[in-house]
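Contents: one structure, followed by commentary.
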Amino acid sequence: MVDADNIIKDLQFFYPEIVLTVTILFVIIAELIPSIKKKLIIPFLSLAGLLLSIFFSVRLFDVQERFLFSNMIIVDHLGVFFRIFFALASVIIVLLSIPTFKRAGEYYALLLTATLGMYLMASSTHIIMIALSLEIVGITCYVLAGYRRSERRSSEAALKYMLYGAVSTGVMLYGFSFLYGMSGEVNIYKIRDILMLEPIDNLLLLVSVIFILAGIGYKIAMVPFHFWCPDVYEGAPTPVTTFFSVGPKVAGIALLIRFVFAGISVQVSETVEQWISIGDIDLQFMLAVLSAITMTLGNTAALAQRNLKRLLAYSCIAHAGYILMGFTMFTGAGINAVLFYVIVYLFMNFGAFIVVDGIALRLKSENIDKYRGLASRAPYLCFALTVFLISLTGIPPTAGFIGKVLLFAAVIDSKLYWLAVVGAVNVVVSLYYYFRIIKAMYLEKPISADELPLAIPRIHIFLTTLLLIPTIYFGLFWSPLREWTTFSLNFMLSID
Amino acid sequence: MITLDSCLIIGAALFTLGFLAVLTKRNAISVLMGVELILNAANINFVAFGFFRSYEIHGVLIALFVIVIAVSEAAVALAIVLNIYRNMRTVNLDEVDSLKK
């Protein structure tokens, strides 16, 4: 059925992952050599590997869509889009980690392994690959969350992340076992093709879909699988939190797109970008309700937070809700809006966390009270944080506004007015807690008379600028980004 | 007489027990044992469906991979729990609450 020649032939479409794997091995070896360990070689080695991997990923855009390794992995535009996305996110995280984890070689090895797992999450189509890639990301992330071993908060974050993660993976596998049982297939494309033809037990399908959503929902911090999120975000080292807030979350969204639109629903026709779910389950309504609950809970819980990392954690939950809105109408426009939003989300969320990290390195605190009157001590960072928070709220002229407009437009197009109303109310609620930070920085008087400017590490200033530019630029000229997401939307829908 | 149904019932029972353990036990190790039960419930389902419905070998393969996943997860999980014990002198989840509730 599958011969060795085919597998070797498929390797040429697997270069991004191979490059990353080799880099991980090099990093682990370099960590063992004392003369290398002292210098900054390891972070730069990781950066080189990631950039090379981006290079090979971009080349995959030209390749005809295909399955690799006997239908384990898929190569299509959507997968390549997410590969580039994750590699970019990791590049930023590696740079951000340099002041904090200068000489920790295994930290970078873990980070790259998580990136490799996210690559695979975005492109796996086989139950084994889905479970394995989820666990590659999961296990490395548990270790990353507890990276400061002697710190109570960090190890507690690792424990909570790990317990919830292990349970949700188990539940997800149990759900997959029923999909396998109903269809006898292990590739989600084939499962769908078989379930479409045969009469199926709708209740069983519904239960297994809910169980699988538990596994994916845990990754994207969707209510009711979000309990780990605030504690883990607060306890983990800030560069790691920054990584969690975008990396594994968007990997979960990539997997959700693949699972929902290739696994349990089918395109109406070749030309119409509208999907219908298989069986007789109202998946659209389920996702809409989950989306509404997720954003409402995230936003209302964020109102009471004093710790900025915790506040941003709840804001991340709320954003998972906004992104889920894009899934509810089962249209191409919806997925397109999701892709657009995740890119924008990368810029603004990374930006906010990086500013918080830079300030926390000097103030030793993430409490909002410490931010009073900070604008006079760190004017540039406070300005940047203001822009990122405005963008997270969704106010023009920032990229976050365009992202939200596209999402809401897609929702209104498919006549889900109640969801649009819930979303709009949520944006207003979020305005309050985002602007509380801005108010503290600019309008309130500092607690201490200490007026010395903060000495922020240069890498933070650099990264903030790097993220600030696209946050504003794409708010004014969004069409290039929109074209790229439309181009990436071509994902393979059938299996031969 | 062993049928598919009896295997699925055992699987469902294991899953329920595992999930109950996760929800009710306050000791981190007990919660991990509950997770193992959940994973093994999935394994029983995969193997049973593959065997009784004479599907291809995939069910058994997945079960093997799930075992590997469970082992690696347990290794990391126990390391994390050990680390918690070093830092806090307890593995009771109710007492591990230095982060704001």
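A, B, ... follow the sequence lines: proteins, then strands. Residue 1 opens every chain.
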Which residue in the set B:Asn87, B:Ile84, B:Asn83, B:Val91 passes side chain to side chain contact (heavy atoms under 4.5 Å, CB included) when paired with A:Leu159? B:Ile84
More than 12 heavy atoms of other residues, nucleotides or ligands under 6.0 Å from CE of B:Met33: is that the case? no
Output for pair (A:Ser155 OG, B:Tyr85 OH), nearest 0.5 Å, gives 14.0 Å
B:Asn45 (side chain) donor-acceptor with A:Phe178 (main chain) under 3.5 angstrom: no
Answer with side chain, backbone, both or neither: which region of A:Phe227 has an atom nearer than 4.5 Å to a non-hydrogen atom of chain B? neither
For residues A:Gly181 and B:Arg53, report the shortest heavy-atom separation together with the two atoms involved. O-NH1, 2.6 Å
Is it true that, when you exclude B:Ile2 itself, more than 12 heavy atoms of the residues, nucleotides or ligands shown sit nearer than 6.0 Å to its CD1? no
What part of B:Ala21 gets closer than 4.5 Å to chain A, counting heavy atoms only: side chain, backbone, both or neither? neither
A:Met162 vs B:Val81, test: side chain to side chain contact (heavy atoms under 4.5 Å, CB included). Steps then yes/no. CA-CA 10 Å; A:Met162 181 269 295; B:Val81 172; 4.3 Å; yes
Turns out that what part of A:Met182 lies under 4.5 Å from chain B's heavy atoms comes down to backbone
Looking only at non-hydrogen atoms, find the nearest pair between B:Leu39 and A:Gly170 and report the distance. CD2-CA, 3.7 Å
A:Gly146, A:Ser150, A:Gly138, A:Ala131: which one forms the most heavy-atom pairs within less than 4.5 Å of chain B? A:Ser150
Do you know which two heavy atoms are closest between B:Ala42 and A:Ser177, and how far apart they sit? O-CB, 3.9 Å
Who among B:Ile69, B:Val68, B:Val76 has the most heavy-atom pairs with chain A under 4.5 Å? B:Ile69
Side chain, backbone, both or neither: which part of A:Ser168 has a heavy atom under 4.5 Å from chain B? neither
Please find out if less than 6.0 Å separates the ring center of A:Tyr174 from that of B:Phe19. no
Please flag which part of B:Phe65 lies under 4.5 Å from any non-hydrogen atom of chain A: side chain, backbone, both or neither. side chain
Please round to the nearest 0.5 Å and tell me the distance separating atom CG of A:Leu173 and atom CG of B:Asn40. 11.0 Å
Inspect the surroundings of CG in A:Leu197 and state if more than 12 heavy atoms from other residues, nucleotides or ligands are less than 6.0 Å away. yes
Could you tell me which non-hydrogen atom of A:Leu163 sits nearest to which non-hydrogen atom of B:Ala28, and how far apart they are? CD2-O, 4.4 Å
Contacting region of A:Ile136 [heavy-atom separation from chain B under 4.5 Å]: neither
Closest approach of B:Glu73 and A:Tyr142, non-hydrogen atoms and distance? OE2-OH, 3.8 Å
